[in-house]
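Structure first, commentary second.
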Amino acid sequence: MNSIELKNVYAEIGDFKLKSINLLIPKGVIVGVIGKNGAGKTTLFKTINGTHLKKSGEIIIEGYKFTSNEESIRATMAIVYDFFNVNPFVKGKLLRKIYVQSHPKFDKELFDKLVMKFNIDLNKRIGKLSFGMQKKLMMIFAISVNPTILLLDEPLIGIDPIDKQEFIKIIQTYMENENNTIIISSHQVEDIEKIADLIVFLDEGKITLFEEKETLLDSYRYVRLNKEDSNINYIINPIENSHGLQGIVHEKNSDSFKNLSQRASLEQIFVHLCAKEVQS
Amino acid sequence: MSYLKYYNILRLHIPTKNGLLYVIVFAIFNLILWNLFFTGANDFTMNYSFLAIISIFVASMYAYQIRFNPSHPIYQFPLNHKDRVRNDYLSAPFSMVLVSIGLMVFGVIVVLIISLFTNVDGNSTEDIFYILGTLYSIAYLLIVYSLFMPISYIHSIKRRYIYGSLSIFVLTIINFINIYILTGNVFETADIRILLQESDYGIYIVISLFIISALSIFFSYDISKKLNRYK
């Protein structure tokens, strides 16, 4: 059974549209969603979370549909947004109390352990915490409800590098349970490259690529060439600079480049496959 | 989930201006309508009806903002659309009771303070209580509640104003029909509660209105659940 299935999903927020989204995400994987600003990452997360209602298509979470099993789906899924979506005048300890009262799967011990580890003051109003602290608190709440699906929308923004490593460790520990699934979006593509198993490229509300990370990284090579080089036609969406042209080439064409190419990073692949306007 | 737990989750809500104008407009229309039919001519009062109408529209605004804010914290808790609608419907009476208790406590304290400095011996006022009128007004407020709560789950601003205006029209018609039955004259301007007390038909009108209000609450709740349901 897949963890998440989206079949031909269309959704709209104002003028923005998610178009024909098809995703089959197995259990036990981390899916990295990469896209430009406004590509539809947050809309996709809200649609999967069943809070932004789709126009058409089918969403199946752990074998269930929202129409008949919303309560159990919400108990198995947690989401972290790129902003703190709770009243800033509320104190952390009240939020903890509400989770204890209202979320049957909330793990108080795990929560308290993580709060201690990250040195978060629950007696402070949430609005008084720094942005990084707020993000940490949101992540801790999300993980403490022991979800089998964790949706993380830009979770690592505003977190310092040391705490970021701690969080990546927490995510890796969470993923030791092979039934758990994470969908994570980030502008920091190198973070996604470190932790994701599957990669989704999203552009203007459409999925332009859905691939295993290793397969994707093995499929392209990064090259730099002179403008006069006869092989420049192989470069996908090349970028011109003072040294010549740079870009990615498909692995099957890489023989022509021999020592001139190197393994492309996820960021390079994303830039050259999706951000076509960089050409100009 | 019990309402108190739900109420605690509502404390995580960040109120916005979304839907505020609609709430103000239709709360004012309802207060005007109440004063036209329930207090007689040229007499604007603020009694329990004021509290009830404000509670209904605050509950409606919260329901609207929760329903159409996909990142609302309420969706981080294992609730389904039925739980949310049920608790949204409980919000209005709950907030009305809470505010009433608060006002009563405040009133008692103020009276106690005044009595410390004033000779209150022999000072009393006699409030007239109309049992039929009070029952009628409760049934009427329940109809207001059942008409306006489902509109909380409609996203389109245009449709919200159209249904809100239609609801005001329905309430006006109900009042005119009852006044006509009681007096034989549609444009009678006396307080409907006094008319009910004085008319032989008063008791039947009150019973009828209670039946209508019970049915309207039932249908309203059902429509709200359908509007809130995941499609």
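Convention: sequence-line order gives letters A, B, ...; per-chain numbering from 1. Predicted, not measured: the structure shown is a model, and the values here were computed from it.
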Item to check | Proximity breakdown for Leu94(A) and chain B, heavy-atom pairs closer than 4.5 Å | outcome: side chain
Item to check | Shortest non-hydrogen contact from Ser102(A) toward Phe77(B) | outcome: CB-CD2, 3.7 Å
Next on the checklist: With a 4.5 angstrom heavy-atom cut-off, is it the side chain or the backbone of Val86(A) that approaches chain B, or both, or neither?
Outcome noted: both
Checklist entry - If you measure from CD on Glu71(A) to CG on Leu79(B), what distance do you get to the nearest 0.5 Å? => result 6.5 Å
Next on the checklist: Is any side-chain heavy atom of Ile14(B) closer than 4.5 Å to one of Pro88(A)?
Outcome noted: yes
Checklist entry - What part of Tyr99(A) lies closer than 4.5 angstrom to a heavy atom of chain B: side chain, backbone, both or neither? => result both
Item to check | Proximal component of Ile59(A), with respect to chain B [non-hydrogen, under 4.5 Å] | outcome: side chain
Checklist entry - Does the Asn87(A) side chain pair with the main chain of Arg11(B), one donor and one acceptor, at a distance under 3.5 Å? => result yes
Next on the checklist: Just verifying a value: how many Å separate Gln76(B) CD and Asn49(A) CG, rounded to the nearest 0.5 Å?
Outcome noted: 8.0 Å
Item to check | Crowding at CZ, Phe94(B) (>12 non-hydrogen neighbours, <6.0 Å) | outcome: yes
Checklist outcome for this item: The side-chain contact (heavy atoms from CB on, under 4.5 Å) partner of Leu12(B) among Asn85(A), Leu95(A), Ile126(A) is Leu95(A)
Next on the checklist: Can you tell me how far apart CG (Asn80(B)) and OG (Ser72(A)) are? Round to the nearest 0.5 Å.
Outcome noted: 9.0 Å
Next on the checklist: For His72(B), which atoms come within 4.5 Å of any heavy atom of chain A: side chain, backbone, both, or neither?
Outcome noted: backbone
Item to check | Ile157(B), CD1 atom: more than 12 neighbouring heavy atoms under 6.0 Å | outcome: no
Checklist outcome for this item: Ordered numerically, the heavy-atom neighbours of chain A under 4.5 Å found in residues 146-153 of chain B are none
Checklist entry - Any ion pair linking Glu70(A) and Arg84(B) (charged N to carboxylate O, less than 4.0 Å)? => result yes
Checklist outcome for this item: For Pro70(B) and Lys46(A), the nearest pair of non-hydrogen atoms, with its separation, is CB-CD, 3.6 Å
Item to check | Beyond-backbone contact of Ser71(B) with Phe83(A), side-chain heavy atoms, under 4.5 angstrom | outcome: yes
Checklist entry - Above 12 or not: heavy atoms from other molecules or residues under 6.0 Å from NZ of Lys97(A)? => result no
Checklist entry - Does NZ in Lys225(B) sit with more than 12 non-hydrogen atoms of other residues, nucleotides or ligands closer than 6.0 Å? => result yes
Item to check | Shortest non-hydrogen separation from Ile98(A) to Ile9(B) and the atoms involved | outcome: CG2-CG1, 3.8 Å
Next on the checklist: Under 4.5 Å from any heavy atom of chain B, what part of Thr47(A) do you find: side chain, backbone, both or neither?
Outcome noted: backbone
Item to check | Phe16(A), CZ: over 12 other non-hydrogen atoms inside 6.0 angstrom | outcome: yes
Next on the checklist: Counting neighbours of OH on Tyr221(B) that are heavy atoms of other residues, nucleotides or ligands and sit closer than 6.0 Å, is the number greater than 12?
Outcome noted: yes
Item to check | Side-chain touch Ile79(A)/Tyr75(B), heavy atoms, less than 4.5 angstrom | outcome: no
Checklist entry - How about Lys105(A): does its NZ atom have over 12 heavy atoms from other parts shown lying under 6.0 Å from it? => result yes
Checklist entry - What part of Phe66(A) is in contact with chain B, defined as an atom under 4.5 angstrom from a non-hydrogen atom: side chain, backbone, both or neither? => result both
Next on the checklist: Taking atom NZ as the centre, does Lys17(A) end up with more than 12 heavy-atom neighbours from other residues, nucleotides or ligands that are less than 6.0 angstrom away?
Outcome noted: no
